[in-house]
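This is a predicted model, so every value here is computed, not measured. All residue numbers refer to positions in the sequence shown, counting from 1.
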Amino acid sequence: MRLLMMSDTHLPKRAKALPAPLLDELPHADVVIHAGDWVDTDTLDLLESRSRRVVGVYGNNDGPDLRARLPEVAFAELGGLRFGVVHETGPAQGREARCAARFPDLDVLVFGHSHIPWDTTAPGGPRLLNPGSPTDRRRQPHCTYLTATAVDGRLIDLVLHRLPPRR
């Protein structure tokens with residue numbers, strides 16, 4: 001099962017549209033995961049219309065229209081793995097312990113908010129993934145998103161995609 005993971009798109013405030021390389025991934029993804037801060041419903045509509053399946057949550061910058069359509073936390077079994085998606089996990093220090101305590105039954109937790117890519121595994125808890133942001137690099141050298149394959153209870157082929165600077 002091919003996964004495309006993103007967060008913090010902040011459209012149209014941080015960019016006018018999703019980057020072409022990310023959009024080119026949509027036909028290859030079985031599931032698109034978005035960890036919140038969409039800002040506009042047009043992005044949700046676009047992903048739902050061009051994707052086989054979208055698993056998404058609202059973030060702190062998402063208004064009532066998005067909150068009416070998305071949960072704060074989403075769960076899905078994908079390729080034999082138990083996934084959770086949430087926007088905020090708190091400060092980086094202590095993140096693994098907090099997430100292991102809050103989500104002890106997950107294999108993978110996808111989160112956003114910081115715009116900073118993250119890949120760690122909590123002791124006795126889930127693997128924690130933040131895809132960064134494809135539209136707002138914040139203090140990072142590149143805008144980013146993740147792809148991976150979930151198969152037979154394993155996450156393989158995880159790739160952090162670095163996008164070229166916008167013109």
*Asks:* Among residues two or more places apart or on two chains, list those pairs meeting side chain to side chain donor-acceptor pair (under 3.5 Å) that have a residue in residues 12-26.
*Replies:* Arg14-Asp136, Glu25-Tyr145

*Asks:* Is the backbone of Pro27 close enough, under 3.5 Å, to the side chain of Arg52 for a donor and an acceptor to pair up by distance?
*Replies:* yes

*Asks:* Heavy atoms, side chains only, cut-off 4.5 Å: are Val55 and Val110 in contact?
*Replies:* no

*Asks:* Answer yes or no: are there more than 12 heavy-atom neighbours, outside Arg162 itself, under 6.0 Å from its atom CZ?
*Replies:* no

*Asks:* Salt bridge check, Arg2 against Asp30: does any charged N sit closer than 4.0 Å to a carboxylate O?
*Replies:* no

*Asks:* When you compare the side chain of Leu70 with that of Val57, does any pair of heavy atoms fall below 4.5 Å?
*Replies:* no

*Asks:* Can you tell if the side chain of Met6 reaches within under 4.5 Å of the side chain of His34, non-hydrogen atoms only?
*Replies:* yes

*Asks:* Please report the closest heavy-atom contact between Ser7 and Gly36, naming both atoms and the distance.
*Replies:* OG-O, 3.4 Å

*Asks:* Applying salt bridge (charged side-chain N to carboxylate O under 4.0 Å, His left out) to Asp45 and Arg69, what does each step give before you reach the verdict?
*Replies:* CA-CA 11 Å; Asp45 293 340; Arg69 293 174 60 184; 2.8 Å; yes

*Asks:* Checking Asn130 side chain against Pro117 main chain: does a donor-acceptor pair fall under 3.5 Å?
*Replies:* no

*Asks:* Does any non-hydrogen side-chain atom of Leu155 lie less than 4.5 Å from one of Leu3?
*Replies:* yes

*Asks:* Kindly indicate whether the side chain of Met1, heavy atoms from C-beta on, has any atom under 4.5 Å from the side chain of Val31.
*Replies:* yes

*Asks:* Ignoring hydrogens and geometry, is there a side-chain-to-backbone donor-acceptor pair from Thr144 to Pro131 under 3.5 Å?
*Replies:* yes

*Asks:* Hey, does Leu146 have a side-chain heavy atom less than 4.5 Å from the side chain of Leu158?
*Replies:* yes

*Asks:* Show me the side-chain donor-acceptor pairs of residues 85-96 shorter than 3.5 Å, one per line, residues at least two apart or across chains.
*Replies:*
residue	atom	partner	partner atom	Å
His87	ND1	Ala35	O	2.7
His87	NE2	Asp37	OD2	3.2
His87	NE2	Asn60	OD1	2.9
His87	NE2	His113	ND1	3.2
Thr89	OG1	Arg95	NE	2.7
Arg95	NH2	Gly90	O	2.8
Glu96	OE2	Thr120	OG1	2.8

*Asks:* Take Leu18 and Leu11 through the test side-chain contact (heavy atoms from CB on, under 4.5 Å) and record every step on the way to the result.
*Replies:* CA-CA 8 Å; Leu18 292 174; Leu11 294 176; 3.8 Å; yes

*Asks:* Is there a side-chain contact between Asp8 and Thr135, using heavy atoms and a 4.5 Å cut-off?
*Replies:* no

*Asks:* Below 4.5 Å, heavy atoms only, C-beta onward: do Val108 and Met5 meet side chain to side chain?
*Replies:* no

*Asks:* Would you say the side-chain atoms of Asp119 pair up with the backbone N or O of Leu129, donor to acceptor, closer than 3.5 Å?
*Replies:* no

*Asks:* Please confirm whether the backbone N or O of Gly59 pairs with a side-chain atom of Arg67, one donor and one acceptor, at under 3.5 Å?
*Replies:* yes

*Asks:* Sequence neighbours excluded, which residues qualify as side chain to side chain contact (heavy atoms under 4.5 Å, CB included) partners of Leu26?
*Replies:* Leu4, Leu23, Val32, Leu47, Arg50, Ser51

*Asks:* Start with the C-alpha gap between Asp107 and Arg82, add the side-chain angles, then the distance that decides, and say whether side-chain contact (heavy atoms from CB on, under 4.5 Å) holds.
*Replies:* CA-CA 5 Å; Asp107 298 308; Arg82 297 161 300 177; 2.9 Å; yes

